[in-house]
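For the numbers below, each heavy atom of this structure counts, side chains included, while hydrogens, waters and symmetry mates do not. Counting starts at 1 for both ligands and their atoms, following the listed order.
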Amino acid sequence: MKEYKHFINGDYVGSQSGKTFENRCPVDNHLLGMVHEADKQDVDLAVKSAKTALKGPWGKMSQSQRTELLNKVADRINERFDEFLEAECLDTGKPHSIARHIDIPRGAANFKAFSETLANHPTESFRLDTPDGNGAVNVGHRTPKGVIAVVSPWNLPLLLMTWKVGPALACGNTVVVKPSEETPATTTLLGEVMNECGVPAGVFNVVHGFGAGSAGEFLTTHPLVDAITFTGETSTGEAIVKAAALGLRSISMECGGKNPGIVFADCDMDKAVEGTMRSAFVNCGQVCLGTERVYVERPIFDEFVKRLKEGVAKLKLGRPEDEDANFGPLVSLEHRNKVHSYYRLAIQEGATVEIGGGIPDMGEALNDGAWIEPTIWTGLPDDARVIKEEIFGPCCHIRPFDTEEEVIALANDTDYGLAATIWSENSARSIRVAEQMETGLVWINSWFLRDLRTAFGGAKQSGIGREGGVHGLEFYTELKNICIKL
Ligand code: NAD
Ligand code: 6OD
């Protein structure tokens, strides 16, 4: 049976307390292995290793030396692609066909994109006139922030963890990662890659465990952590912001969403249906950017609902290694209970279940897994909890609208502000509507089309700050102004 240890100062180590917890595969609930749970002492060791490594060879390397190492890390993930793929799909249950195109390649690319962007980004300089006529020159100078705590979720484990570790290391920081307790495997495996590539000990550390009262809390409250970057639920984000207040540590928060999709009657119907299928159902609906509220202009409402139902009926549920499968289970039985409770709530709140709504019979071999039916509802009132709360499952509600003004108000009627998607062949209108979305991200005639040079993050309760491209510099570095009197 597999054992998932912490990775501290370049070595795999067990918990000093000997405490472990189970890691189960959501496909059929079989036991994958035992994960060590870090206590305060383990976390302390990891943070101190990261602090020490800031001064060691890593701290003395030039930007180009660090870039070279991080490029090697990306290449090595690609060389060990199948191992990462297998590990990610066993932890999450997601189809190989998806992880092969999204999770693993992006997990590697995150190590290249940022070091390249940062290496080519200038710092500012200003000439100041002074009364003596000689003047002064101001030069911006960036230094690493220090030890960055990376707290990551389970839905795209490698991708979302390296999305933070990549820029953190490119900027010269060291990291302590706390991956989700549901998905320890690929983060653990990355430790091997770091060693193989010659990343100095202590630069990349991993501690396993849960949130409150466990590794997550011990890490985010540790006084030697200089900054915390988090991806996960808004309520967890709030707890972490409180932890970060102690010692005034910087934070970057990427949290939940209740994202609208707006489909205008002048859309290309094929593209809108295909895009909404992906945005609502890919990764079993467990993508923070996913569409859970779809608004369709009335003249095409019936046709759109019919086409989306046809798309859902064709989804192929199956084991990760089944190459025809494009739909896996949810990440855990616990999460399935949560999503299923929303399915029941939708009926209580007056929904018409257009398709799905239950737990599928997957046969004896898989029925212990976290399977759930992809589901479409219509007919819910705008104030239903199913419309207001993030479900994070393979489901969406479709509602008709009549005017642009009405749909803008409906789309923005949420506490969240992560992403919106607009489907229309009228560019002027799409841009006009996009500008009025209260979100950090808008896609027009596409979804989850990512350019890693661009800003990524949420408005309202979907987050604080922006990462991606040069925007991450604000969080991952300290900007110092050096004023030189001439
Ligand atoms: P979660 O908030 O339950 O857990 C995320 C991480 O935080 C885990 O590692 C967990 O152990 C840790 N954690 C939990 N409580 C903690 C505490 N008190 N202190 C420190 N750490 C703690 O989220 P999840 O269920 O793993 O992921 C799903 C959520 O993540 C959804 O809400 C989704 O929208 C959000 N998400 C957002 C983005 C984004 O970019 N905005 C991306 C992916 C997922
Ligand atoms: O593409 C990314 O960089 C990113 N952070 C995606 C987030 C997906 C949320 O589930």
S.K.: Minimum distance, heavy atoms only, to atom 35 (C) of ligand 1: which one of G257, A149, G232 is it?
M.R.: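 Answer by nearest heavy atom: G232.
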
S.K.: I need the L449 CG to T421 OG1 distance, nearest 0.5 Å.
M.R.: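 If we round to the nearest 0.5 Å, L449:CG and T421:OG1 are 11.0 Å apart.
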
S.K.: Is it the case that over 12 heavy atoms from other parts of the model lie below 6.0 angstrom from the NZ atom of K388?
M.R.: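 Result for NZ/K388: enclosed.
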
S.K.: Under the 3.5 angstrom rule, does the side chain of S341 hit a backbone N or O of K338 as a donor-acceptor pair?
M.R.: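 Between the backbone of K338 and the side chain of S341 there is a qualifying donor-acceptor contact (under 3.5 Å).
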
S.K.: Report the member of G463, S180, G290, G216 with the shortest heavy-atom distance to atom 20 (C) of ligand 1.
M.R.: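 The nearest heavy atom belongs to G216.
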
S.K.: Note the single closest protein heavy atom to atom 9 (O) of ligand 1, along with its residue, its atom name and the distance in Å.
M.R.: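 Looking only at protein heavy atoms, the one closest to atom 9 (O) of ligand 1 is S152 O, 2.8 Å.
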
S.K.: Where is the nearest protein heavy atom to atom 22 (C) of ligand 1: which residue, which atom, and how far?
M.R.: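 Looking only at protein heavy atoms, the one closest to atom 22 (C) of ligand 1 is G211 CA, 3.4 Å.
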
S.K.: Taking NZ, NE, NH1 and NH2 as the nitrogens, is one of them in K460 or E438 under 4.0 Å from a carboxylate oxygen of the other?
M.R.: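 E438 and K460: salt-bridged.
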
S.K.: Please write down residue, atom name and distance for the protein heavy atom closest to atom 25 (O) of ligand 1.
M.R.: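 For this ligand atom, the closest protein heavy atom is W154 NE1, 2.8 Å.
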
S.K.: Quick check on E467 - does any of its heavy atoms sit under 4.0 Å from an atom of ligand 2?
M.R.: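 No, E467 has no heavy atoms under 4.0 Å from ligand 2.
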
S.K.: For atom 4 (C) of ligand 2, find the nearest protein heavy atom and state the residue, atom name and distance (0.1 Å precision).
M.R.: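 Ranking protein heavy atoms by distance from atom 4 (C) of ligand 2, first comes F456 CZ, 3.6 Å.
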
S.K.: I'd like to know if the side chain of E373 and the backbone of G358 have a donor-acceptor N/O pair within less than 3.5 Å.
M.R.: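 A pair under 3.5 Å: yes.
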
S.K.: Return yes or no for this condition: an N or O of K178 is under 3.5 Å from an N or O of ligand 1.
M.R.: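 The answer is yes, given that K178 and ligand 1 share an N or O pair closer than 3.5 Å.
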
S.K.: Give yes if a backbone or side-chain nitrogen or oxygen of E254 is under 3.5 Å from a nitrogen or oxygen of ligand 2, and no if not.
M.R.: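 There is no such contact.
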
S.K.: Inspect the contact between E467 and K164 and indicate whether a charged nitrogen and a carboxylate oxygen are less than 4.0 angstrom apart.
M.R.: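 A salt bridge links K164 with E467.
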
S.K.: Against heavy atoms of L160, which atoms of ligand 1 measure under 4.0 Å?
M.R.: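 Heavy-atom distances to L160 below 4.0 Å select 42 (C), 43 (C).
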
S.K.: So, is Q286 polar-close to ligand 2, with some N/O to N/O distance under 3.5 Å?
M.R.: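 No, since none of the N or O atoms of Q286 sits under 3.5 Å from an N or O of ligand 2.
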
S.K.: Test your reading of the structure: does E233 have an N or O sitting under 3.5 Å from an N or O of ligand 1?
M.R.: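 Such a contact does occur with ligand 1.
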
S.K.: Strictly below 4.0 Å, N to O, side chains only: are K48 and D44 in salt-bridge contact?
M.R.: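 Salt bridge present between K48 and D44.
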
S.K.: Please list, in number order, the atoms of ligand 2 under 4.0 Å from a heavy atom of N155.
M.R.: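 Under 4.0 Å from N155, ligand 2 has these atoms: 9 (C), 10 (O).
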
S.K.: Is the side chain of D413 donor-acceptor paired with the backbone N or O of A409 at a distance under 3.5 Å, no angle test?
M.R.: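 Checking the backbone N and O of A409 against the side chain of D413, no donor-acceptor pair under 3.5 Å is found.
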
S.K.: Roughly how far, to the nearest 0.5 Å, is the CG atom of L160 from the CH2 atom of W154?
M.R.: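 The distance works out to 11.0 Å.
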
S.K.: Is it the side chain (CB and beyond), the backbone, both or neither of L452 that lies under 4.0 Å from ligand 2, heavy atoms counted?
M.R.: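 Neither; nothing of L452 gets under 4.0 Å from ligand 2.
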
S.K.: Nearest heavy atom to atom 2 (O) of ligand 1 wins, so pick from T236, V177, V150.
M.R.: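 Closest candidate by heavy-atom distance is T236.
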
S.K.: Picking from N205, V176, L224, what satisfies side-chain contact (heavy atoms from CB on, under 4.5 Å) with V147?
M.R.: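 Between V147 and the candidates, side-chain contact (heavy atoms from CB on, under 4.5 Å) is satisfied uniquely by V176.
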
S.K.: Should we count NZ of K19 as having more than 12 external heavy atoms under 6.0 Å?
M.R.: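 Counting other residues, nucleotides and ligands, NZ of K19 stays at 12 neighbours or fewer.
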
S.K.: Find all atoms of ligand 1 within a distance of less than 4.0 Å from any non-hydrogen atom belonging to F230, and give their numbers and elements.
M.R.: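 Contacts of ligand 1 toward F230, numbered from 1: 2 (O), 5 (C), 6 (C), 7 (O).
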
S.K.: May I ask you to check if ligand 2 and C288 share an N or O to N or O distance below 3.5 Å?
M.R.: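 So ligand 2 has an N or O lying under 3.5 Å from an N or O of C288.
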
S.K.: What atoms of ligand 2 come within less than 4.0 Å of a heavy atom belonging to R106?
M.R.: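 Ligand 2 atoms under the 4.0 Å threshold to R106: 1 (O), 2 (C), 3 (O).
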
S.K.: Among protein heavy atoms, which lies nearest atom 34 (O) of ligand 1, and at what distance?
M.R.: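 Answer for atom 34 (O) of ligand 1: E390 OE2, 2.5 Å.
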
S.K.: Distance-only, no hydrogens or angles: does the H335 side chain make a donor-acceptor pair with backbone N or O of A370 under 3.5 Å?
M.R.: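 Side chain of H335 to backbone of A370, a donor-acceptor pair under 3.5 Å: no, none is there.
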
S.K.: Using a plain distance cutoff, I'd like to know if E181 has any nitrogen or oxygen under 3.5 Å from a nitrogen or oxygen of ligand 1.
M.R.: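 Yes: some nitrogen or oxygen of E181 is under 3.5 Å from one in ligand 1.
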
S.K.: Which protein heavy atom lies closest to atom 28 (C) of ligand 1, and at what distance to 0.1 Å?
M.R.: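 In this structure, atom 28 (C) of ligand 1 has F392 CE2, 3.6 Å as its nearest protein heavy atom.
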
S.K.: Which atoms of ligand 1 are found less than 4.0 Å from any heavy atom of I240?
M.R.: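 What qualifies from ligand 1 is 19 (N), 20 (C), 21 (N).
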
S.K.: Write out the residue and atom name of the closest protein heavy atom to atom 39 (C) of ligand 1, then the distance separating them to 0.1 Å.
M.R.: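 I find the closest protein heavy atom is C288 SG, 3.3 Å.
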
S.K.: Hey, are N283 and N155 close enough side-chain-wise for a donor-acceptor pair under 3.5 Å?
M.R.: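 No, no side-chain donor-acceptor contact under 3.5 Å.
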
S.K.: Do the rings of W377 and Y343 sit parallel, tilted or perpendicular, given the 30° and 60° boundaries?
M.R.: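 W377 vs Y343 ring planes: perpendicular.
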
S.K.: Could E474 and R142 be called an ion pair, given the rule that one side-chain N must be under 4.0 Å from one carboxylate O?
M.R.: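 A salt bridge is present here (some side-chain N lies under 4.0 Å from a carboxylate O).
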
S.K.: For ligand 1 and C255, I'd like to know whether there is a polar contact (N/O to N/O, distance under 3.5 Å).
M.R.: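 Yes - when backbone and side-chain N and O of C255 are compared with those of ligand 1, one distance drops under 3.5 Å.
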
S.K.: Identify, by atom number and element, the atoms of ligand 1 in contact range of A212, meaning under 4.0 Å from any of its heavy atoms.
M.R.: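 Selected atoms, number and element: 15 (N), 16 (C), 17 (C), 18 (N).
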
S.K.: What's the verdict on side-chain contact (heavy atoms from CB on, under 4.5 Å) for M277 and L315, showing C-alpha distance, side-chain angles and the deciding distance?
M.R.: CA-CA 10 Å; M277 276 302 296; L315 286 171; 4.0 Å; yes

S.K.: Please list, in number order, the atoms of ligand 1 under 4.0 Å from a heavy atom of F456.
M.R.: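 Answer for ligand 1: 40 (O).
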
S.K.: Evaluating non-hydrogen atoms only, which member of N110, L160, N283 is closest to atom 7 (C) of ligand 2?
M.R.: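 Minimum heavy-atom distance to atom 7 (C) of ligand 2 goes to L160.
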
S.K.: Under 4.0 Å from a heavy atom of V151: give me the atoms of ligand 1 that qualify, with their elements.
M.R.: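 Those atoms are 6 (C), 7 (O), 9 (O), 12 (C), 21 (N).
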
S.K.: Please answer whether the main-chain N or O of N445 pairs with a side-chain N or O of K271 as donor and acceptor at a distance below 3.5 Å.
M.R.: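 No, the answer is negative, given that no donor and acceptor are paired below the 3.5 Å cut-off.
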
S.K.: N/O of T231 under 3.5 Å from N/O of ligand 1, yes or no?
M.R.: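 It does not: no N or O of T231 is found under 3.5 Å from an N or O of ligand 1.
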
S.K.: Closer than 4.0 Å and a protein heavy atom, does any atom meet both conditions relative to atom 4 (O) of ligand 1?
M.R.: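 No, there is no protein heavy atom closer to it than 4.0 Å.
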
S.K.: Go through ligand 1 atom by atom and flag the ones less than 4.0 Å from a non-hydrogen atom of E254.
M.R.: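 Those of ligand 1 that fall under 4.0 Å from E254 are 37 (C), 38 (C), 39 (C), 40 (O), 41 (N).
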
S.K.: Is a donor on one side and an acceptor on the other found under 3.5 Å between the side chain of N173 and the backbone of G146?
M.R.: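 Here the side-chain-to-backbone pair exists.
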
S.K.: Would you mind listing which atoms of ligand 1 come within a distance below 4.0 Å of any non-hydrogen atom of P179?
M.R.: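 Contacts of ligand 1 toward P179, numbered from 1: 9 (O).
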
S.K.: Among all protein heavy atoms in this structure, tell me which lies nearest to atom 27 (O) of ligand 1, with the distance rounded to 0.1 Å.
M.R.: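 Answer, as residue, atom name and distance: P153 CB, 3.4 Å.
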
S.K.: Considering only heavy atoms of R450, which atoms of ligand 2 have at least one such atom less than 4.0 Å away?
M.R.: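 Those atoms are 1 (O), 2 (C), 3 (O).
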
S.K.: For the residue pair R450 and W163, would you count it as a cation-pi contact if the rule is NZ or CZ under 6.0 angstrom from the ring centre and within 45 degrees of the ring axis?
M.R.: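 Judged by the rule, R450 and W163 form a cation-pi pair.
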
